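On a predicted model such as this, the values are computed, not experimentally measured, just so you know.
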Amino acid sequence: MPQDKICKTVRQLNKEPVPDQDMKRLIEIAEDYRCVKNYVYQRYGGIRSLSKIYPGYTVQNEMTDSGLRIRLCMPAVYFYLAVFDALGDIKSQWTRTKSEVSKRLGSNEGFTDEDRHYLRFLLKVGNAFRQVLNGEQVNLPGKIQAQYMSLAARVDTHRLDRYLCRQVRKCHTTLHTDSVLGFSISERAYRYGDHGIYISVKEKRRRIYIPLTDNNQYKRQLHIKLYPLESGIEIHVPVDVGIRSHEDYTGQVGAAFGMHTMLTTDQGRCYGEDLGRYQLEYADWLRMQSASYQRNRANNPGRKKYYAKKRRYEEQLHSYINHELNRFFQTEKPGVVYIPKLPKPLGGGVNRKINYAVSVWQRGYIRRRLAQKCKEESVELSEVFGKGISSMCSVCGAEGIKKDGEFSCPACGYREAEKINTACNVKKRGQGDGAQCRSAGLQADYPHTFHVL
């Protein structure tokens, strides 16, 4: 895909409730899709199958010979998509495993620099990694073999190889899915027409018709998400859109996130000031519904209306967040946006009301949408090291006091709203020499428009 294009997901919705018989046919496909994925996870998710998953044609041929598709009476257009979908998940799982092992060896004080160099070489070179895990002699082509021999001559390879195997066993898990609420679909399995979409089912020469709320038509792989309790579907369509360039987007903005106000800038402007109200209303409703469900559980009150209203609350929240982010870009016209690296969510406390409020905080969604919109608008997004950033004075750098949303510095007398002080610190760290900042891993996801400090 050209660099002036990015991929975004467009959603299409059913216009009328999907008949129960048609929904049953779609769920049947999703169930078979799940079975195929779990079969691939179980058979090819382990160490012994590392040589087969790249590029995956071996797995495709073996799955064809397995007879699973015949037993399930599953159309090929769904079967092979499920196979390669599962393969993609397995590859991602191995990437996460290597990343976790790399973090562990970096924090192990018992290793020398040469030990770490050797282990990182194994993690980087796929064939060497596979051969060590399978207890085979490392045999690599040409200059890479010479590099391996040079590294191995300076370390205890037996000890380090055993360490690598132990850590992989600890970090790597075999995937499994219980979800039957979605599946992918190729171009051959659907066609648009009559203000809707015709989707192939397991019965030969039969397609079900679902009217849609729009008349857009696409020719690419889609993902069908099912909502059986609501008699609805959601079609996720990946589309390529052009990146917009703005000559007047030249500012540098530091931003701080909050539960009650979505974004506060270093200039004191606020965006999403009603986010807290929306989230508290949603949290209170969830808390009351949970209590009501527990009281009436013996009578089995059903959850269809509950899930429908929960989805409406989330859609309302997401619509508000996107509206405010659009206003942020139109007002600030930023060339660079600096944000702090958010800490991991903390465990729940004793106050259930607060726990519910924290659980519905859309901070992950806000960050993802901000990243996507930065990419669409050709804006750099830099994530800076966030430790202690809210308690440090943005004027003199001393430790300050936070109370009732206000920040005060006993050293220089500076007083300001807590979020504004935080946003100023974010901007200062972002504009610094990088000593206080660390990479947030955004470069891998957005290599063309993100600047990682």
Residues Ile366, Met262; criterion side-chain contact (heavy atoms from CB on, under 4.5 Å); working and verdict: CA-CA 8 Å; Ile366 295 169; Met262 183 177 73; 3.5 Å; yes
Matching residue for Ile27 among Met23, Arg25, Lys24 - test: side chain to side chain contact (heavy atoms under 4.5 Å, CB included): Met23
Check against side-chain hydrogen bond (donor to acceptor under 3.5 Å, both in side chains), Ser394 and Asn425: CA-CA 5 Å; Ser394 59; Asn425 283 328; 4.7 Å; no
Residues which pass side chain to side chain contact (heavy atoms under 4.5 Å, CB included) with His246, listed by chain and number, not counting sequence neighbours: Arg244, Asp248, Tyr249, Glu377
Listed partners of Phe79 passing side chain to side chain contact (heavy atoms under 4.5 Å, CB included), at least two apart: Val36, Met63, Leu68, Arg69, Met74, Val83
Under 3.5 Å side-chain donor-acceptor pair for [X] and [Y]:
{"X": "Asp156", "Y": "Tyr118", "answer": "no"}
{"X": "Gln431", "Y": "Gln252", "answer": "yes"}
{"X": "Glu399", "Y": "Ser391", "answer": "yes"}

Any donor-acceptor N/O pair, [X] side chain to [Y] backbone, under 3.5 Å:
{"X": "Ser150", "Y": "Ala146", "result": "no"}
{"X": "Asn326", "Y": "Asn322", "result": "yes"}
{"X": "Gln145", "Y": "Leu140", "result": "yes"}
{"X": "Glu114", "Y": "Val155", "result": "no"}
{"X": "Asn134", "Y": "Arg130", "result": "yes"}
{"X": "Asn14", "Y": "Ile233", "result": "yes"}
{"X": "Ser49", "Y": "Gly45", "result": "no"}
{"X": "Ser102", "Y": "Lys98", "result": "no"}
{"X": "Thr95", "Y": "Lys91", "result": "yes"}
{"X": "Glu324", "Y": "Gly272", "result": "yes"}

Steps toward side-chain contact (heavy atoms from CB on, under 4.5 Å) verdict (Ile321, Leu275): CA-CA 8 Å; Ile321 289 168; Leu275 180 67; 4.0 Å; yes
Trace of the side-chain contact (heavy atoms from CB on, under 4.5 Å) decision for Thr157 with Leu160: CA-CA 5 Å; Thr157 58; Leu160 297 179; 5.8 Å; no
Side chain to side chain donor-acceptor pair (under 3.5 Å), paired with Tyr33, selected from Asn38, Thr177, Asp85: Asp85
With the threshold set at 4.0 Å, does a side-chain nitrogen-carboxylate oxygen contact exist between [X] and [Y]?
{"X": "Arg311", "Y": "Glu315", "answer": "yes"}
{"X": "Arg11", "Y": "Glu234", "answer": "yes"}
{"X": "Asp266", "Y": "Lys427", "answer": "yes"}
{"X": "Asp32", "Y": "Lys202", "answer": "yes"}
{"X": "Glu100", "Y": "Lys170", "answer": "no"}

Aromatic plane relationship, Phe328 with Tyr271 - under 30° parallel, 30 to 60° tilted, over 60° perpendicular: perpendicular
Parallel, tilted or perpendicular: ring planes of Tyr282 versus Trp285, cut at 30 and 60 degrees: parallel
Shortest non-hydrogen contact between [X] and [Y], atoms and distance:
{"X": "Gln372", "Y": "Cys7", "result": "NE2-O, 3.5 Å"}
{"X": "Tyr78", "Y": "Ala189", "result": "OH-CB, 3.9 Å"}
{"X": "Tyr41", "Y": "Leu175", "result": "CB-O, 3.3 Å"}
{"X": "Val379", "Y": "Gly335", "result": "CG1-O, 3.7 Å"}
{"X": "Asp115", "Y": "Gly110", "result": "OD2-O, 4.5 Å"}
{"X": "Glu62", "Y": "Arg43", "result": "OE1-NH2, 3.6 Å"}

Spacing of NE2 belonging to His236 relative to CG belonging to Leu222, to within rounding of 0.5 Å: 10.5 Å
Separation of Ser184 OG from Ile29 CD1 (nearest 0.5 Å): 12.0 Å
Derivation of the side-chain hydrogen bond (donor to acceptor under 3.5 Å, both in side chains) call for Gln12 and Asp214: CA-CA 7 Å; Gln12 294 184 296; Asp214 61 64; 2.7 Å; yes
Audit row: Ser390, Lys402, side-chain hydrogen bond (donor to acceptor under 3.5 Å, both in side chains) steps and yes/no: CA-CA 8 Å; Ser390 64; Lys402 298 183 294 181; 2.9 Å; yes
If you count the non-hydrogen atoms of other residues, nucleotides and ligands that lie under 6.0 Å from [atom1] in [X], is the total more than 12?
{"X": "Arg48", "atom1": "CZ", "answer": "no"}
{"X": "Lys225", "atom1": "NZ", "answer": "no"}
{"X": "Arg188", "atom1": "CZ", "answer": "no"}
{"X": "Asp65", "atom1": "CG", "answer": "yes"}

Listed once per pair and sorted, the ring-ring contact (aromatic ring centres under 6.0 Å, His included) pairs that draw on residues 87-112, sequence neighbours left out: Trp94-Phe129, Trp94-His172, Phe111-Tyr163
Derivation and outcome, side-chain contact (heavy atoms from CB on, under 4.5 Å), residues Leu105 and Gln167: CA-CA 9 Å; Leu105 71 90; Gln167 296 306 316; over 6 Å; no
Do [X] and [Y] make a side-chain contact, defined as non-hydrogen atoms from C-beta onward lying under 4.5 Å apart?
{"X": "Leu381", "Y": "Leu370", "answer": "yes"}
{"X": "Leu119", "Y": "Leu164", "answer": "yes"}
{"X": "Tyr278", "Y": "Gln316", "answer": "yes"}
{"X": "Ile6", "Y": "Asp240", "answer": "no"}

Tyr365 and His318 aromatic centres sub-6.0 Å: yes
Lys/Arg cation over aromatic Tyr198: Arg191, 6.0 Å, 45° cone: yes
Full working for salt bridge (charged side-chain N to carboxylate O under 4.0 Å, His left out) between Arg34 and Glu31: CA-CA 5 Å; Arg34 180 189 69 86; Glu31 174 64 32; 2.5 Å; yes
Gln42/Thr174 under side-chain hydrogen bond (donor to acceptor under 3.5 Å, both in side chains): CA gap, chis, key distance, verdict: CA-CA 7 Å; Gln42 187 66 33; Thr174 300; 5.6 Å; no
